[in-house]
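For reference, the structure is listed below as structure tokens.
All ligand and atom numbering here is 1-based and tracks the order in the structure.
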Amino acid sequence: MAVKRVLQYGEKSLREPSKEVHKVSKKIHELVQDLLDTMYAKNGVGMAAPQIGVNYRVFVVDVSKNDEPLNPHVFINPKIIKKSGAVIAQEGCISFPEAYTDVKRYSNVTVKALDINGRAFILEAKDGELLSRAIQHEYDHLDGILFIDHCVNRFETDKVLAEHNLPPVEPEKLADDSELDKELNK
Ligand code: ZN
């Protein structure tokens, strides 16, 4: 068990793209365990490897509620192969303690990835549920994209970030959400 330090917004590694995993080795198993331990210690629903300073394409998600048994999902070399619908909801990130803002996401995503045994699987997350948002959020981390890059209102988000002593939105990093906007206006 190893709870790692979680990088905070402003630290460079969070903006760096992560590398593909070539072999689901013992080292990757240890990384997954560290991610799970750290996520549970921080009461998060997801954690991506770059958040603990390891730039590999690995993330974990567990959207089980407090009174439910743990239900960890492990995603190695994930690819989002289908997305549709759009939804706006409040979102936060363990790298942005206590800061929440409205973020645009797809309602439905289908993701293909390898599991902890290196076997490929496909998972469909629907209806804008937490699992769908968490997958999109953690997936973005692997490309150095942060939830605030999809914020609905940059100035509102800046206000929230300032209240939590975090740096402001980086305007040049704001995502092109034209596809999402099209879905939202349907
Ligand atoms: Zn995050």
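One finds no salt bridge joining Lys104 and Glu91 here, because no Lys/Arg side-chain nitrogen approaches an Asp/Glu carboxylate oxygen to under 4.0 Å. The pair Glu163-Lys159 fails the salt-bridge criterion, with no side-chain N (NZ, NE, NH1 or NH2) lying under 4.0 Å from an Asp/Glu carboxylate O.
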Output a table of donor-acceptor pairs, distance under 3.5 Å, between side-chain atoms of residues 168-175 and any protein atom two or more places apart or on a different chain; print 'none' if there are none.
| from | atom 1 | to | atom 2 | distance (Å) |
| --- | --- | --- | --- | --- |
| Glu170 | OE2 | Tyr9 | OH | 3.3 |
| Glu170 | OE2 | Arg15 | NE | 3.0 |
| Glu170 | OE2 | Arg15 | NH2 | 3.0 |

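Hydrophobic clustering, defined by side-chain heavy atoms of Ile, Leu, Val, Met, Phe, Trp and Tyr closer than 4.5 Å, groups Val63 together with Val45, Phe59, Val61, Phe75, Ile80, Tyr106, Val109, Val111, Phe121, Leu123, Leu130, Leu131, Ile135, Tyr139, Leu142, Leu180. In this structure, Tyr56 belongs to a hydrophobic cluster whose other members, linked by side-chain heavy atoms under 4.5 Å apart, are Val6, Val21, Val24, Ile28, Leu31, Val32, Leu35, Leu36, Met39, Tyr40, Met47, Ile52, Val54, Val58, Val60, Leu70, Val74, Ile76, Ile94, Leu114, Ile116.
Residue Asp67 qualifies as enclosed at atom CG: its count of foreign heavy atoms under 6.0 Å is above 12.
Protein N/O/S atoms found under 2.8 Å from the Zn ion (ligand 1): Cys93 SG, His137 NE2, His141 NE2.
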